[in-house]
Amino acid sequence: MKENKTSEKKFLTDSGIEINRVYPKKDFKEEQPGEFPFTRGVQPDMYRGKLWTMRQYAGFSTAEESNKRYHFLLKSGTTGLSVAFDLPTQIGYDSDHEFSEGEVGKSGVAIDSLRDIEILFEGIKLDEVTTSMTINSTAAILLCMYIALAKKQGADIQKISGTIQNDLLKEYAARGTYIYPPKASMRIITDIFEYCAKEVPKWNTISISGYHIREAGSTAVQELAFTLANGKAYLKAAIEKGLDIDVFAKRLSFFFNAHNNLFEEVAKFRAARRMWAKITKELGAKDERAMMLRFHTQTGGSTLTAQQPENNIVRVTLQALSAVIGGTQSLHTNGFDEALALPTEAAARTALRTQQIIAFESGVTDSVDPFAGSYMVEALTDEVEAKAWEYINKIDAMGGSVEAIEKGYMQDEIAGSAYAYQNAIQNGEKIIVGVNKFVVEEKPMQNLLTIDDNIRVQQMEKLAKVKAERNNKKVEELLSRIEIAAKGNENLMPHILSAVEEYATLGEIADVMRKVFGEYR
């Protein structure tokens, strides 16, 4: 009889966790969905009661062009909007600024004033949709523009809902669209927390983002650990400002990445809920709703390949499946052509249909946490959690996330992981289908979405018209009030709102705060 030899090769997740050939029976604590520590989900029925929000991320060119895409997505069945802003908008420059040349409308929609927001959401009632805005350094300004438009539409701002990303710590660690130094950024963030708790209570005031940490090259474990460490820093900053954790923690949400290793990703999402419940409880939360980790997921942009782009549809499907099985509250699926350009309408439709097929045809939504009790998934959830706590304990020993970022710790860890991953692809240890294996001769992809460079001229003309028609004396007065508030301790939000309602521009408001806070180098 032939001897059956077990392979000596090690099988590892992308975080370096070894996967066993088989998993022995594992004792695990019986938990119910919707109950602390929420490993199995934040709602008792999860998708049996309500599906996740299908929120397609979109924004490009002018507000007019982006508005057309939003109407297209809403007609196609998307259930929430998600706004992408161009780089000048993200870092506080109007379209006519010299630094904006070559970037206007390229990576998202260009927003200079309330007039652009009015056009962006024309024909869309803000009290009938939820809107997510991927914006950080200028989050206070964009949120005030959104509130100003809601007021003009006659909406009750106590009832409008959505999310601003507003997560500056990950910008310093991984992404780079920061303006002000960390302490000034934390002050603005907590001003938003305080203002929205009173005035816009249904708004999620921060989406603590692991997505960009992962896109920068981190492992799944690092994404989880650094994101929760940043979340912990925001909790502490809000508590120090005198805010009630049982109130403001309910308005925090998270934003995670979903990559290709299905089981590791599911384990990551399950561990995230359990860990956040423990963190909030340790910091004094008593209301279980304040301990719930609610999160949005986007499929992995960095996993998309320019080679054989149709393969990306399969990658996105696997990633979306991991997010759904992992219990996400909302989801964006990337277009298959996004390694080459902004997604076309056809690619955006296919991405949305991917979510709809999972929701209505796959059957995975019929049971809550369907992988619970799997010896492998339960063991992997525990291992991901244990490794993430190791990182968080190191960060706590440094004094927290702000100090860890200032020392370059997170940046160095991410860079090391990115380098190791790329090396594994280069030497063939990591197979990327169509890139380093199963390669074919290809013709360049046709009919990609392109952005006209004349967009900047159009934006500058629109901006000049706004400045000519507004009450410039009133704008100057309101900008000076923002400066006074920034120099003191007064909440900035009411002053920013008053300024945007008079059509002060995003760049003008950001510059006032640059003058007071300085820029981070």
Side-chain angles (χ1 to χ4, degrees), residues 135-137 139-140 163-197 204-214 216 218 221-256 271-285 290-295 385 388-414 517 520:
I135 196 71
N136 296 284
S137 292
T163 304
I164 45 171
Q165 192 162 102
N166 196 27
D167 175 7
L168 266 297
L169 290 178
K170 68 92 177 47
E171 294 295 326
Y172 302 112
R175 190 162 175 259
T177 63
Y178 46 73
I179 303 174
Y180 317 110
K183 287 183 173 59
S185 292
M186 292 296 277
R187 181 260 173 99
I188 298 169
I189 289 166
T190 53
D191 276 3
I192 294 171
F193 289 172
E194 184 179 55
Y195 177 83
C196 289
N204 295 320
T205 49
I206 191 168
S207 177
I208 304 158
S209 176
Y211 184 84
H212 301 101
I213 291 170
R214 192 70 175 278
S218 81
V221 166
Q222 289 169 337
E223 176 196 359
L224 174 59
F226 298 164
T227 304
L228 296 190
N230 289 348
K232 194 173 180 180
Y234 292 127
L235 288 177
K236 288 183 174 180
I239 290 167
E240 286 172 11
K241 197 176 178 73
L243 302 182
D244 183 348
I245 189 171
D246 280 327
V247 175
F248 75 81
K250 294 173 189 173
R251 303 312 330 158
L252 305 185
S253 65
F254 287 80
F255 175 23
F256 287 116
R273 280 190 294 271
R274 191 156 73 197
M275 293 174 73
W276 186 246
K278 293 174 183 175
I279 288 168
T280 49
K281 191 170 186 178
E282 285 173 4
L283 288 175
M291 304 175 197
M292 292 179 180
L293 182 143
R294 297 165 298 115
F295 67 99
E385 179 181 3
W389 281 125
E390 287 176 17
Y391 274 113
I392 291 174
N393 291 337
K394 285 180 186 176
I395 291 166
D396 284 346
M398 294 177 197
S401 278
V402 174
E403 289 78 4
I405 288 165
E406 288 176 342
K407 291 173 182 174
Y409 173 71
M410 289 188 193
Q411 298 93 311
D412 288 347
E413 289 293 314
I414 294 167
F517 299 135
Y520 184 69

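No hydrogens or angles considered: a donor-acceptor pair under 3.5 Å links the side chains of Ser185 and Tyr172. Residues Ser401 and Asn230 have side chains that bring a donor and an acceptor to within less than 3.5 angstrom of each other. Judged by distance alone, the side chains of Thr177 and Glu171 do bring a donor and an acceptor atom under 3.5 Å apart.
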Pair Ile208, Gln165 - check side chain to side chain contact (heavy atoms under 4.5 Å, CB included), show working.
CA-CA 7 Å; Ile208 304 158; Gln165 192 162 102; over 6 Å; no
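How far CG of Leu252 is from CG of Leu235: 6.0 Å, rounded to the nearest 0.5 Å. Rounding to the nearest 0.5 angstrom, the gap separating the CD1 atom in Ile164 from the CD1 atom in Ile135 is 9.5 Å.
Under the side-chain contact (heavy atoms from CB on, under 4.5 Å) criterion, Ala140 pairs with Ile188, Ile192, Met493, Ile496, not counting sequence neighbours. Take Glu385 and apply the side-chain hydrogen bond (donor to acceptor under 3.5 Å, both in side chains) test, not counting sequence neighbours, and it matches Arg274, Lys278, Trp389.
Proximity of the aromatic rings of Phe254 and Phe295 is defined here by a centroid distance below 6.0 angstrom, and this criterion is not met.
Of the residues listed (Asn136, Leu168, Asp167), the one engaging Arg175 in a side-chain contact (heavy atoms from CB on, under 4.5 Å) is Asn136, and it is the only one.
Between Phe193 and Phe248, the angle of the ring planes stays under 30°, which puts this pair in the parallel group of the 30/60° scheme.
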Atom pairs and distances, donor-acceptor, side-chain atoms in residues 221-228, under 3.5 Å, two or more places apart:
from   : atom 1 : to     : atom 2 : distance (Å)
Gln222 : OE1    : Thr219 : N      : 3.0
Gln222 : OE1    : Ser417 : OG     : 2.8
Gln222 : NE2    : Tyr391 : OH     : 3.0
Gln222 : NE2    : Glu413 : O      : 3.4
Gln222 : NE2    : Ser417 : OG     : 3.0
Glu223 : OE1    : Arg214 : NH1    : 2.8
Glu223 : OE1    : Lys268 : NZ     : 2.8
Glu223 : OE2    : Asn257 : N      : 2.8
Glu223 : OE2    : Lys268 : NZ     : 3.4
Thr227 : OG1    : Gly210 : N      : 3.4
Thr227 : OG1    : Glu223 : O      : 2.5

